[in-house]
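Note sheet for the following structure.
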Amino acid sequence: MTDPTEPPGEHDVPEPVVKPRPTVRGAALAGARVVAGLVGVGVAVVTIGAAGLVPLPVVRSTPPSVLVTPTPTAQQLVCPGAVLRLADETGEGATTVSAIGQPIVDHEASAGPVDATAFAQSDAVTATAAQAPTLISTPPSQSGDTQPPLLSGAQAQAVAEGEFVGLAAADCTVAGGEAWLVGGSTAVGRTTLITLSNPTEVPATVDLELFGENGPLAAPGTSGIMVAPNAQRVLSLAGFRPEVVSPVVHVTSRGGRVVADLQQSVVRGLLPGGLDLVGSIPSAALESVVPGVVISDPLAVQAMLGGGPAFEDVRTVLRLLAPGEFDGRATVRVIPEGQAQTGTSFELDVPAGRVLDVPLDDLAAGSYTVLVDSDEPLVAAVRATVAAGESSDFAWAVAAPPLTGAAQVTVAAGPAPRLHMFNPTPAEVTVDVGGLLVAVPADGSATVPVEAGATYRLAGFERLFAAVSFADGGLLAGYAVHPPGLASGAIRIYP
Amino acid sequence: MLPTVTAVLVARNGAQYLPRTLAALAAQTRRPDRVILVDAGSSDATPALLREVAAARLVSVPGRSFGAAVAHALHADSASQGPQEWLWLLGHDNAPAPGALAALLGAVEVAPSVAVAGPKLMRWDDPAVIAGFGETVTAGGRSVELVDGELDQAQHDARSDVLGVAAAGMLVRRSVWSALGGFDPGLPSVDAALDFCVRARLAGHRVVAVAAARVASAGPPELFGRRTLSAAGRHRLGRAAQLHRRLVWANPVALPVHWLSLVPLAVIRSLGQLVAKRPGWVGGELAAGFGAAFDGTVGSARRVLRRNRQVGWAAIAPLRMRWAELRERRAAERVAPGAPAAPRERIGFFSGGGAWIVLLAAVVGAIAFGRLVGAEALDGGGLVPLAANVPELWNHVGYGWRDVGSGFLGAADPFAYLLAALGSLTFWSPSLSIVALYLVALPLAALSAWWCAARFATRAWGPAVVAIAWMLAPPFLASLGTGHLGAVIAHILLPSLVLAIVNAARSWSASALAALAFAAVAASAPSIVPALLVGIVAWAAANPKAFPRVLGIPIPAAALFAPLVVEQFVRGTPLALFADPGLPVFAPAASGWHLTIGGGLAGWDGVFASLGLPAPVAPLVVVVLLAPLALLAVLAPFLPGAARGIPALVVALLGFVTAVAAVHLEVTMVGSVTTSVWPGAALSLYWLGLAGAVATTLDALPRLAAAPAIVASIGLVLLAVPGIAAAAAGGTDVVAGNGRLLPAFASAQTLTRPALGTLELTAQPDGGAAIALHRGQGTSLDEQSTLAATQTTVSDAGTRLAILAGNLASRSGFDIPEELDDLQIGFVLLTRSDDPGAAAGERRITEALDGNRDLTPIGETASGTLWYYPGLAEGAAPSGPGPLGTPLGIGIVAGQAAVFLVTLLLAIPTTPRRRLRTARVTGEETAPQDEVTG
């Protein structure tokens, strides 16, 4: 404590108790004290006021960091393999899974060789290697390559064997730690299989989280599913929980990463109802875009709908799930492709944890993009059915991940392939589809026929959603286009 | 044959004395036969005065010593007049009494063996007091005045034979003077006459003191021609003369021993001077030692002595002072009354209620932190365990390899010294000292504050309120809860520091204690150093006489901080010097309003939130609870005692401004965010000023002190209730830890491989990751470095580590095993982040690490998810030298150790042995300056 007025030592002496006597000196002292006190109060008020009210500049250092771009690694895509059935060829042995036929797998890289190998191990009985899931990969790019080559692949398989009739197509995708499978049913006559393929070098421990129309479903055996390296596990959804009309499966893996796919086949009585391979959605999002919803003959489907309750699921439905803790409110827009028509839109509540199948009736023939904007993260997919006489086929179009840079799509060897694109930006873009320029209107869709088995580079956009569809007569299939499966993105490290 | 007397009067700037001296010389009953006046280079009116004297020769010599001036005068006067010629040596201030020369001659005439006679020297300004009457040496060789400053009651008049007499008024046979070569040129002033007398004795003559002859003297010989001389200067001259005599008088066999002992003795005696609180004498001590070691005049002086010696040293031994007599004299000096202690009634620790307050603090402390009893260490907030053992603690101080982050060579924080000292107290388990500090923090704070307040107060109420306010200060409780150890230590030490600084104006011991406390506070909380320096400079300005004692207080702190200051300035980040030492933790910056009420709402916001009351209620309650305290503080300048109250409020203002500045200074990086300097220590200063003002007010209220004191105390206690309750319920960041820095599995592995690294990743809200590399048992609290926490660029090693971490956190084709081998990293630890924004990053990193075939997941641990790299090759980790591993490091540690040794020696309390007076020629107007020791 500083004391500029008193010499040291006087602290020790008690203040002399002076009897108040009105002297000039006493009055001056008292006056000085009052002045000092008032000055003190003034200084305090000014200081505190300044500290509380005046915005003072902040001296702030920037944390030093290094933006580390990981060394590119071998790119790996997994194609799910042949259509499977939960019985052997004779229809016996309902506990074993066997492959039917073999898919046609196409793949291409923008540079360098592509290596395609069959998975070594699978739950499914596969007669030939071609029936097994295929791992396609490019070696790590040479040093100096900042932009690794683009790799893409896709498979298609038309099946007409007994009760399995229909077209199934799938994109070959990158393994990840999380996937949402939106589609399938475990009602009578509906078979839904989940395939988990682990292309990595370490075992994966997979947990499944099941949701149904009545909320989350608890089921034994859904956690701790081991998937060995370079192996595929096939699981029947009905084995976990039968009689679920609208399931959604959340797949998470620890250790190795997996590619999860869902295969659904429908038999109504003895009548084959079609089959489909459904790709996964990487994560729930506030904005879900489902491009490539193809409605080819609504009158035939309408006619089939009159066939009884077993035909209830030929309707076009939008399946929604808000997996979080809170109910959401979603706006659904159905945008037809081409500028001439305007879309319809409606709002609805999406309860947390309960799968909602929203019928999208009265859609005219054509292809559509379905948009779902919500205040809670959602996963979404649209099921569409085609009918040709007695036979029918269906396809799940799932929410596509956004493409934000150069992307590449391989069109599977299916009939009448078309590429659908949706431009979410407020400006029209001209997308370069392998040299072909396609104008995609602002907040609108465009479609272009493409060549089966060919591979196209997509460029000329900032943000785009795309899907491939196959619709020919009684066959319907499709898949969403995924962004290139690069090594992990750059990460900022704070040493 | 009648004796003839030649008086030699040497004057040097003695104009104020000369008229009386010349008049006295002229008034002698037996007048000298001849008078030689010597002007030894005067610059005042002396030459003019001397020229006026008739019948005297005037000789001018340029600035010489007394002995040299006499020699010069006699050299010019070659006419020797036989064995009966005597020389009478006088200085300008040696006015002889009328019968002085007659008495001296009377004494020498009756005893032909007497060659030297000295008069009784009387004070110039008080002729009744003896200034000197004979000299001798002790057994140790120190010269001693036989009489000094005694009232002349003829008590010494019986003395005749002495070892030596003073030069002033000395009557010496000219033949002896010439034979002995006069005064030794190696002794310019002090002991010159004594040495001459000893040589005369050894030549077989007698030296007598003549009581009947009285000569005035204005001061000792070293003051001849000088206006003033400090005590240190006198000591240096005396010591130099003593060492010169020692070398001249020594037995040739013992001479080398004496010579070799000169410098070591000087060093040892310097330390002794420090213990005796005479730091100013150290320079003279060393100068005298070195000067004697290279004294070129010793050889000729020894030759003169040898040539003239007739009798042995034993012959003069009886004239030396005996040990017993010396002891008696010292005892007499010791009991000589010093400055009478100011009569003052101090408030008793027990009678004044201090003991009760400390007991209360102990109880509150036990309630708040009792759950920590039995913990091996504290974790959470800014606390992590200390290094595992004492050698490691001390290995983390000074300049050397800092094993924090990617590691670098640099200066440690001064805080590391403090932690090393603290940890050494519980040497068997250093981290235990932090637990113990938490348990005693409240009572220590209360004790420190009470003691400081009681120094200033006259009534017991003030110290009591101050102690309660101090132990329950909101910034103190906040710092304790968040583990800001530096602010906690600063808070405990601040009142003691203030007390020591105030006392430093009067005592070297207090000054040194203040310096140590200041160093500790500065090391703990660098942010309040500017405010404290302002206070110290102001106190020095208020006590100009104690300038060095007060201004020297920051020296040890400066020595501690110097390497860090240089590094931060070279790096271009001088503001980073104010960064809090210890583990960097993020603390949201408090608003200006919150700083006003001590840093925050002290937990009341939580209380009201749980009660469902509206948010503005909590600040209102806090303001109401603090209102009595604030009112009492504001009253201080209006009341008597404002001289203490106003400085207290200035301290509060300094603290508040510092706190505001602190929250606007964000230099410490915690991952991807910066955090401001913790304002806790500055708020402690603010609180200290407020508490001081409150104490002043309570002291000034005549009989009304009790009511406001009780009201203010109740407000303070209520204010602290939520904070204490939260601490007691474990709601604070600081928790009992197990003493491990890393998961048990990693800790166990590092026991056999101490250089094994553990790379810690923490996902950041921006998607990135913060990394830290732990070597061995982990980066302990004392290993933390503000140089690392405030660096704004990434070093090469940091970039390398970042690239490894970035690839570990990604699916990557990087050759991770090779880099892990090179850097000797065996574990990767992903710590859990509380920030929900970091979840995505955490998942990415987990996936990448899980998917890495080279790493084995160990699983969840208390501190995060751990992966093990089993294939780690043997190798050496990047490392560097310890504090004594580089010449620069040794220099820094040695310098700091020297400064602290000096400070510690000064801090040792000693009893005052004697009062030392700065020599000053008498007759000057100014009063003598006193220096009090002890």
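Reminder, nothing fancy here: chain letters follow the sequence lines and each chain counts from 1. Quick caveat, the model's predicted, so the values are computed rather than measured. Only this structure's heavy atoms are used, side chains among them; waters, hydrogens and symmetry mates stay out.
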Which atoms of [X] approach chain B - backbone, side chain, both or neither, heavy atom under 4.5 Å:
| X | value |
| --- | --- |
| A:Arg257 | side chain |
| A:Val58 | both |
| A:Val68 | side chain |
| A:Thr200 | neither |

Identify which of [options] forms the greatest number of heavy-atom pairs closer than 4.5 Å to chain A.
| options | answer |
| --- | --- |
| B:Leu649, B:Val634, B:Thr793, B:Val660 | B:Thr793 |
| B:Val794, B:Leu849, B:Leu855 | B:Val794 |
| B:Gly689, B:Gly851, B:Ser795, B:Ala802 | B:Ala802 |

Query raised in the report: Can you list the steps and then say if B:Arg843 with A:Glu178 is a side-chain contact (heavy atoms from CB on, under 4.5 Å)?
Result: CA-CA 10 Å; B:Arg843 195 163 55 236; A:Glu178 183 183 14; 3.9 Å; yes
Report task. Kindly compute the distance separating OG1 (A:Thr69) from CZ (B:Phe814), expressed to the nearest 0.5 Å. Result ->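 Answer for the OG1-CZ pair, A:Thr69 versus B:Phe814, is 12.5 Å.
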Query raised in the report: Which value, rounded to the nearest 0.5 Å, describes the distance between B:Ser672 atom OG and A:Ile493 atom CD1?
Result: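 Spacing of OG (B:Ser672) from CD1 (A:Ile493) equals 11.0 Å.
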Does any heavy atom of chain A fall under 4.5 Å from the side chain of [X], the backbone, both, or neither of them?
| X | result |
| --- | --- |
| B:Ala772 | neither |
| B:Leu808 | neither |
| B:Ala770 | both |
| B:Asn503 | neither |
| B:Val657 | side chain |
| B:Leu653 | side chain |
| B:Thr792 | both |

Does the side chain of [Y] come within less than 4.5 Å of [X]'s, by heavy atoms?
| X | Y | value |
| --- | --- | --- |
| A:Ser61 | B:Thr573 | no |
| B:Gln764 | A:Arg492 | no |
| A:Tyr494 | B:Met669 | no |

Query raised in the report: Taking non-hydrogen atoms and a cut-off under 4.5 angstrom, which of residues 29-39 of chain A neighbour chain B?
Result: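 Heavy-atom contacts from residues 29-39 of chain A to chain B are A:Arg33, A:Val34, A:Ala36, A:Gly37, A:Leu38.
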Requested in this report: Locate the shortest heavy-atom distance separating B:Gly806 from A:Pro70; write the atom from each residue and the value.
Outcome: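 Nearest heavy atoms, B:Gly806 then A:Pro70: O-CG, 4.4 Å.
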Query raised in the report: Nearest heavy-atom pair of A:Ile48 and B:Trp593: which atoms, and what distance?
Result: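 The answer is CG2-CZ3, 4.0 Å.
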With chain B as the partner, which of [options] has the greatest number of non-hydrogen pairs under 4.5 Å?
| options | value |
| --- | --- |
| A:Ser283, A:Gly255, A:Pro229 | A:Gly255 |
| A:Ala51, A:Pro57, A:Pro63 | A:Pro63 |
| A:Thr47, A:Leu56, A:Val66, A:Leu67 | A:Leu56 |

Query raised in the report: Yes or no on side-chain contact (heavy atoms from CB on, under 4.5 Å) for B:Leu575 and A:Val59, after CA distance, side-chain angles and deciding distance?
Result: CA-CA 9 Å; B:Leu575 285 176; A:Val59 178; 3.7 Å; yes
Requested in this report: Start with the C-alpha distance between A:Arg60 and B:Val667, add both sets of side-chain angles, then the distance that settles side-chain contact (heavy atoms from CB on, under 4.5 Å), and finish with yes or no.
Outcome: CA-CA 6 Å; A:Arg60 182 175 287 138; B:Val667 287; over 6 Å; no
